[in-house]
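Structure, as structure tokens:
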Amino acid sequence: MQVEMSIVMRRSRCRDGAPPLPLAGEGWGEGISATKIPQEERALSRIASHDAIRPPPQAGEVKTARGRTLRMLGTALPVALALVAAPAHAFIAYVSNEKSNTVTVIDTDSWTVTKTIKVGQRPRGIDFTRDGKFVMVAVGDDDTIQVIDAKTQGIVDTLPSGPDPELFAQDAAGKVLYVANENDNTVTVIDLEKRARIGDIQVGVEPEGMTISPDGKTLINTSETTNMAHFIDTNSRQIVANVLVDARPRFAEFKHDSSELWVSSEIGGTVSIIDPKKHEVIGKVTFEIPGLRREAIQPVGIGMTKDDKTAFIALGPANRIAVVDTATRKVTKYLLVGQRVWHMAFTPDEKYLLTTNGVSNDVSVIDVAAQKVIKTIQVGELPWGIAIAP
Amino acid sequence: MIRWLVGLIGVSLVGAGLAVTQALAADPTEIGIGYLGVAGTRSTLSLVEQPAENDGVAGARLAVEDNNTTGKFLNQRFKLEERRLKEGEDPVQAAAALAEHNGFIIADLPADALLKVADGLRDRGTLLFNAGAIDERLRETDCHANVIHVAPTRSMLADALGQYLVWKRWPRWLLVVGSHDEDKLYADALRRAAARFGAKIVQERTFEDTGGARRTDSGVTLIQRQMPVFTQQAPAYDVLVAADESEVFGAYLPYRTWDPRPVAGSAGLVPRSWDAAQDQWGAIQMQNRFMKLNSRRMTALDMQAWTAARMIGEATSRTNSGDVKKVTDFIKGPDFSVAAFKGTRLTLRDWNLQLRQPILLVDGRMVVSVSPQEGFLHQVSELDTLGYDRPESKCKLK
């Protein structure tokens with residue numbers, strides 16, 4: 001009897017967090033359109049997940065660039081090779097799980113979860129310090145940013161982030177941190193060395209997206225209900241321009257050459273491309289997926305390759321990553337990932353792109369060159385943000 | 001004299017400094033929003049459901065604050081002027097007085113009063129937002145080109161509930177209807193929903209309002225005897241659906257039915273445009289802002305007024321204008337949409353100016369579900385599976 005009870009309870013827990021896939025002929029009616037997968041897409045999804053369960057390379061087995069497999073003999077050799085190969089392969093990814101209040105650590109060599117770190121309530125924004133020594137994670141419901149030591153993988157400190165921190169950006173030197181405080185229309189400025197709050201900037205309603213220009217001179221904040229990208233001079237900490245974009249702007253990303261700023265609008269369903277000098281919208285990326293309602297396409301996270309030629313855009317409950325040619329500003333491909341895809345991060349060698357899939361509780365691994373989803377890794381409940389060690 | 005000179009120099013220096021931000025130095029565009037409601041509050045069976053004096057206008061106030069935060073960057077300033085009608089006061093006169101300073105009026109009025117106001121202001125160009133009346137006829141035979149309907153309709157609410165009950169496989173309904181006109185209208189909407197989504201009303205019963213106080217010291221004992229008796233000997237049913245907008249009996253039904261069955265409609269699982277428990281899709285920030293400003297939780301009427309004022313703010317920022325005609329045209333145009341923490345953009349049905357919106361199903365503590373439910377498909381927008389659709393509409397906008 002007790003056993004039965006615990007099963008029932010576990011099931012119901014799973015339900016209020018993330019609904020499982022609907023049974024055949026049945027819907028899962030929480031108004032979460034993420035679960036709405038048309039018939040032909042289900043087939044696709046099966047293929048993708050079949051792909052995804054392909055086993056990782058065995059220990060002592062290394063794929064060379066040409067795709068040949070080298071099988072190692074003995075134990076000394078793989079160690080030596082691992083030392084050589086490590087910089088090209090083994091990276092550590094940190095994923096914030098919004099619902100389970102944890103951070104999942106993933107080894108990108110074995111594509112396995114190596115550790116789950118308990119953090120504060122509602123972890124979302126996550127990033128490394130510039131020196132790679134610490135991971136900062138915004139725990140909104142605890143009104144702080146926790147600092148994880150990347151070596152010991154334990155929490156070592158907190159930052160005075162102001163109330164309800166969600167996303168943040170740091171300057172090029174890694175000395176100043178700018179935090180969006182969703183609850184009180186401000187951006188808080190923190191001195192990272194002193195771990196002290198040194199100022200704040202009033203912005204629009206529900207600040208969310210944060211990024212800094214490659215030259216470090218301009219901070220961008222997007223405000224979700226004001227529907228603007230605010231351009232803030234990092235010297236004077238004054239707003240110098242406000243650019244209106246489509247509804248509920250959530251994320252901002254510069255091209256590496258600073259020529260364009262891309263801002264995603266979740267409810268508007270578009271990505272606005274802004275000229276950062278003229279402060280004007282100069283183009284828009286739009287999305288169309290056959291069989292999917294326009295409302296289900298809700299762009300959030302953006303990833304730009306280092307050559308600025310390709311952008312990857314997470315489409316939320318459309319369960320896809322759009323691959324965009326930045327020259328034509330057109331989508332060239334849609335990659336089916338997990339449900340409700342939020343954010344993404346490249347491995348530093350840019351071979352892989354990892355996406356967090358909120359509702360399906362997993363991370364998809366995309367082979368960037370092949371533009372294919374190659375793997376799915378289960379993480380905590382409602383994964384949201386992701387950062388990969390530099 | 002010297003002091004005057006120094007002052008003058010000071011002013012001119014400040015002026016030079018401001019020249020850089022010239023746009024902000026100019027006088028802001030003022031956008032006036034009126035709020036017209038009825039004085040006093042209605043009585044509810046449950047004390048916790050008793051509306052606050054500022055129910056509705058509190059939401060508009062928050063939206064005006066939100067609009068003003070945005071307005072800072074666009075040099076727009078929003079003002080809210082509230083007017084409450086006393087018993088017997090002429091709504092048209094009050095509306096005309098509000099329209100003197102306000103190009104937009106949010107109305108929380110009964111259907112007849114709203115129609116009078118709409119006719120009375122027709123030639124002024126004032127745009128009205130119906131935040132309170134859920135009557136179908138305001139969007140159908142009595143529809144007006146100068147009224148935007150932010151409140152959902154009875155049929156939208158009934159369809160939202162109907163879809164869920166059918167999804168839940170509770171297709172057999174025992175319908176209990178109050179004896180007042182609104183109760184009957186709600187029952188019509190529920191019957192329509194049952195027919196549309198394949199549910200069956202196994203029996204209908206009427207609960208007569210025999211008058212009497214809603215609050216008495218020995219009330220519970222009596223109710224506990226009355227309700228089981230009233231609901232006994234029903235044919236086999238899955239869920240009791242109550243139509244009691246008049247607050248006479250609905251809230252007495254849960255846990256007191258003869259057969260152990262869930263209750264929905266006017267009590268139990270209730271369809272609403274908004275609820276204090278709604279925290280999905282970023283709503284928590286707005287709930288927090290509302291709490292901070294008004295020291296209470298946010299109701300559906302607050303949200304409807306918030307949405308109306310935000311629609312005005314959205315349109316003034318998109319058009320970068322405070323011109324009523326320009327803003328009105330934009331709101332009625334094909335490019336208009338507004339975000340309102342419901343997971344999808346809200347747009348207007350162009351044939352009757354009703355705002356499309358998901359409907360929450362709430363139990364007083366939690367949001368149980370959000371309609372439209374999965375599987376209820378539509379060629380234009382799944383939100384149009386809720387309420388009267390274009391082909392059924394009798395509205396001719398004028």
Side-chain angles (χ1 to χ4, degrees), chain A residues 16 19 22 25-38 122 140-141 163-164 166 181-185 202-208 223-231 238-244 246-250 265-269 293-298 316-317 340, chain B residues 20-21 62-63 65-74 160 163-164 166-169 280-282 284-286 288-289 292 310 313-314 317-318 320 335 337-347 356 358-361 366-378 380-383:
Chain A
D16 63 40
E26 218 179 64
W28 184 245
E30 296 228 352
I32 298 172
S33 40
T35 57
K36 294 179 186 174
I37 306 175
R122 203 168 185 207
D141 285 0
D164 198 16
E166 186 165 348
N181 302 117
E182 232 187 328
N183 249 344
D184 64 354
N185 308 344
Q202 288 296 313
V203 291
V205 184
E206 291 168 34
E208 164 116 4
S223 47
E224 288 176 344
T225 293
T226 291
N227 301 327
M228 283 180 183
H230 305 287
F231 285 68
Q238 297 291 314
I239 292 179
V240 290
N242 304 287
V243 179
L244 204 60
D246 288 336
R248 210 167 155 80
R250 289 205 69 153
S265 291
E266 188 182 25
I267 294 292
R293 289 171 306 113
R294 205 173 141 220
E295 286 84 4
I297 300 173
Q298 302 186 349
R340 183 135 211 180
Chain B
V20 189
T21 48
L62 177 64
E65 270 203 4
D66 288 351
N67 287 349
N68 274 330
T69 305
T70 303
K72 266 191 331 212
F73 307 116
L74 294 167
Q163 285 187 2
Y164 179 78
V166 167
W167 178 87
K168 191 70 193 68
R169 312 242 161 103
Q280 295 182 77
W281 302 303
I284 187 76
Q285 274 83 32
M286 194 187 47
N288 288 341
R289 283 205 300 281
K292 207 164 146 189
R310 265 298 299 140
E314 180 68 18
S317 72
R318 296 287 166 202
N320 199 13
D335 297 327
S337 71
V338 66
F341 308 97
K342 287 182 158 192
T344 184
R345 79 192 82 176
L346 309 187
T347 54
R356 294 184 177 95
I359 300 290
L360 314 181
L361 300 169
M366 296 297 280
V367 177
V368 176
S369 187
V370 183
S371 286
Q373 297 295 322
E374 189 182 354
F376 293 90
L377 304 175
H378 192 277
V380 179
S381 162
E382 268 149 43
L383 294 175

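Proximity to chain A (any heavy atom under 4.5 Å) is restricted, for E314(B), to the side chain, taken from C-beta onward. In this structure, chain B has a heavy atom under 4.5 Å from the side chain of D164(A), while its backbone stays farther away. When heavy atoms are compared at a cutoff of 4.5 Å, R318(B) approaches chain A by way of both its backbone and its side chain.
Two residues are said to be in side-chain contact when any heavy atoms from C-beta on lie closer than 4.5 Å; L346(B) and S337(B) fail this criterion.
In this structure, R250(A) pairs ionically with E224(A), as a charged nitrogen and a carboxylate oxygen lie closer than 4.0 Å. Ion pairing of K292(B) with E65(B) is absent here, as no side-chain N (NZ or NE/NH1/NH2) approaches a carboxylate O to less than 4.0 Å. In summary, E206(A) and R248(A) engage in a salt bridge, as defined by a charged side-chain N under 4.0 Å from a carboxylate O.
Of all the listed residues (V203(A), I239(A), V240(A)), the one sharing the greatest number of non-hydrogen pairs under 4.5 Å with chain B is V203(A).
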